[in-house]
Amino acid sequence: MQIGRRARAGLVAAVVATAGVGGWIAFDAPEVTPAQATSAPPPAPVVTAVVTEQRLTDERRYLGEVKAVARTELTVGEAGEVAQVLVAEGDAVAPGQLLLTLDDRLARAQLGEADAMRRSIEVRRAYAAGRTERFRALERDGAVSAGEIERERVEADRLAAERRAARAGMAALSERVGRHRIEAPFAGVIARRYVDPGDWLDPGEPALEVVSSDQVEVHVRVPERLLDDLEAVARVSLVRGDERVNARVDGVVQALDTGTRTALLRLVPASRPEWLRPGAATTAAFDVVREGGLVVSRDALVRGVASERVVRVVDGKAVATPVEVLVRAGERALVRGEGLDLGAVVVVRGNERLRPGQSVQTEEVTTNPAALPSGTAAPRSPE
């Protein structure tokens, strides 16, 4: 059976009265006056700081990949059997160092044959040139006719042309012999070895891979907004743990990747520590400098559902002020908001529980709240 509200109230009153008669103790609720019901809560203790205008450095970090400045697969220009492989994977090589040879006996034999032909042509040309000179001397005495002299001159010219052709053929055959060998194009390290002696190698088929050992670069993909801020970048560095190496932007691909909407930057380190190995991942840090903005401690920011705000102290009361956070850098933030000016007093501790218009009592004033790590108590102001 259910008891109505009025019935329950009457029952309680009867019980209390009965208890008073029988010796029970009845507790009366304290009366609340209208003034007490409408009184404001006591002032909330807070820590405040002054909005400043400072130079703010925003460090942005992105993942990059270390690449060798030069990396190539080497091959031969002629087909043949591998005669020698003079290097192994991991070997350091110098420019011009011989790395591999093919069996070039046939090409050398052809080169020798062409050289012998060239020598023969040289002899015959010299003989024809000498006869032409002698015939011209005899022509003055009438011993030979002009027709005979012309025939000798034509023969000498023909042999001179054959000599030029023989020399060109010699150069081509010498180049062909050279295509049976591979030399290091630059200083580096052998990364891959694809063949061994006795293997057959065709032109264009990779035999060795070499990567430069002295110089590396870092390729990093960055969002479009960093491209807009490149002129404000004061420092670029490559970071690994506690180690940091300065770098410079040596190339920018302005066209964005259609999938990631990022741009490619090519960074060149000022020095090359051991951990900057080709193929390794590293962090690229860009220090973007912002001048002349309103700076508050990140502790002054109160995050809402869709926006952020700071709580100003005006005439001893809390005033919520929506702000737009432009840049976050460490324990500081560059902000702007209507009503927020240089020198404004904002709450950096105790702001989460404040209500608009609530009275506040400043217990501490931070001298440099931006330098305090989150959760660190600010020094007390002198009394």
Side-chain angles (χ1 to χ4, degrees), residues 70-88 91-188 190-212:
R71 187 185 194 105
T72 184
E73 289 185 336
L74 305 176
T75 186
V76 292
E78 290 287 330
E81 182 181 332
V82 177
Q84 290 179 302
V85 182
L86 304 174
V87 290
D91 286 351
V93 297
Q97 179 179 337
L98 182 62
L99 308 179
L100 178 146
T101 61
L102 298 182
D103 183 357
D104 60 355
R105 287 175 294 180
L106 177 59
R108 288 189 178 278
Q110 292 173 340
L111 180 62
E113 182 181 2
D115 186 45
M117 184 177 294
R118 179 191 62 81
R119 291 174 182 274
S120 174
I121 293 173
E122 288 277 5
V123 171
R124 287 186 288 138
R125 189 206 64 81
Y127 177 73
R131 281 174 60 86
T132 301
E133 293 299 323
R134 288 194 299 273
F135 277 26
R136 285 176 178 171
L138 292 173
E139 182 184 16
R140 291 191 292 269
D141 299 333
V144 295
S145 64
E148 290 177 308
I149 294 175
E150 182 64 18
R151 283 194 298 273
E152 291 298 330
R153 187 189 64 78
V154 170
E155 179 65 13
D157 290 345
R158 184 184 68 80
L159 291 172
E162 287 188 8
R163 181 184 65 173
R164 290 193 294 270
R167 288 179 174 176
M170 284 279 298
L173 287 171
S174 180
E175 177 67 20
R176 183 181 177 187
V177 170
R179 292 200 296 265
H180 286 73
R181 50 194 284 140
I182 294 177
E183 296 178 352
F186 47 78
I190 301 298
R192 295 283 301 273
R193 169 177 162 170
Y194 298 99
V195 296
D196 294 304
D199 291 343
W200 183 266
L201 196 59
D202 290 319
E205 184 181 356
L208 300 167
E209 182 182 12
V210 59
V211 297
S212 60

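As the structure is a prediction and not an experimental result, all values here were calculated from the model.
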Q: Compare every heavy atom of Ala79 with every heavy atom of Leu102, then report the nearest pair and how far apart it is.
A: CD1-C, 4.2 Å
**Q.** Atom pair OG/CZ of Ser174 and Arg108 - distance to nearest 0.5 Å
**A.** 8.5 Å
Q) Is it the case that more than 12 heavy atoms not belonging to Glu183 sit under 6.0 Å from its CD atom? A) yes
(Q) Could you measure the distance from the CD1 atom of Ile190 to the CG atom of Leu74? Nearest 0.5 Å is fine. (A) 7.0 Å
Q. If you measure from CD on Glu81 to OG1 on Thr101, what distance do you get to the nearest 0.5 Å?
A. 10.5 Å
Q) Where do Val76 and Asp202 come nearest, in terms of heavy atoms and distance? A) CG2-O, 4.3 Å
Q. Quick check: does any side chain N or O of Asp91 sit under 3.5 Å from a backbone N or O of Val93, one acting as donor and the other as acceptor?
A. no
Q.
Can you give me the closest heavy-atom contact between Arg71 and Ala191, atom names plus distance?
A. NH2-CB, 4.5 Å
Q.
Between Thr72 and Phe186, is the side chain to side chain contact (heavy atoms under 4.5 Å, CB included) condition met? List the steps.
A. CA-CA 10 Å; Thr72 184; Phe186 47 78; 3.9 Å; yes
Q.
Can a donor-acceptor pair be found, under 3.5 Å and without considering hydrogens, that links the side chain of Thr75 to the backbone of Ala207?
A. no
Q.
Please give me the minimum heavy-atom distance between Trp200 and Glu205, naming the atom from each residue.
A. O-OE1, 4.0 Å
Q: List for me each residue that meets side chain to side chain contact (heavy atoms under 4.5 Å, CB included) alongside Glu162, sequence neighbours excluded, and say none if there are none.
A: Ile121, Arg124, Arg158, Leu159
Q) For Val195, does its backbone N or O pair with a side-chain atom of Arg193 as donor and acceptor, under 3.5 Å? A) yes
Q | Nearest-0.5 Å distance that lies between atom CG in Leu98 and atom CG in Leu100 | A | 8.0 Å
Q: Might you point out which heavy atoms bring Pro197 and Ala83 nearest each other, and give the distance in Å?
A: CB-O, 3.9 Å
Q. Is there side-chain contact between Asp115 and Arg119, with heavy atoms separated by less than 4.5 Å?
A. yes
Q | Met170 versus Ala114, closest heavy-atom pair with distance | A | SD-C, 3.6 Å
Q) Roughly how far, to the nearest 0.5 Å, is CG of Asp104 from CZ of Arg179? A) 12.5 Å
Q: Flag yes if more than 12 heavy atoms outside Arg181 fall under 6.0 Å of its CZ atom; otherwise flag no.
A: no
**Q.** Inter-residue atom distance Asp103.CG - Leu201.CG, 0.5 Å rounding
**A.** 12.5 Å
**Q.** Worked verdict on Glu175 versus Glu78 for side chain to side chain contact (heavy atoms under 4.5 Å, CB included)
**A.** CA-CA 10 Å; Glu175 177 67 20; Glu78 290 287 330; over 6 Å; no
Q: Could you tell me which residues satisfy salt bridge (Lys or Arg N to Asp or Glu O under 4.0 Å) with Asp157, sequence neighbours excluded, listed by chain and number?
A: Arg153
Q) Would you find more than 12 non-hydrogen atoms of other residues, nucleotides or ligands less than 6.0 Å from Met117 atom CE? A) no
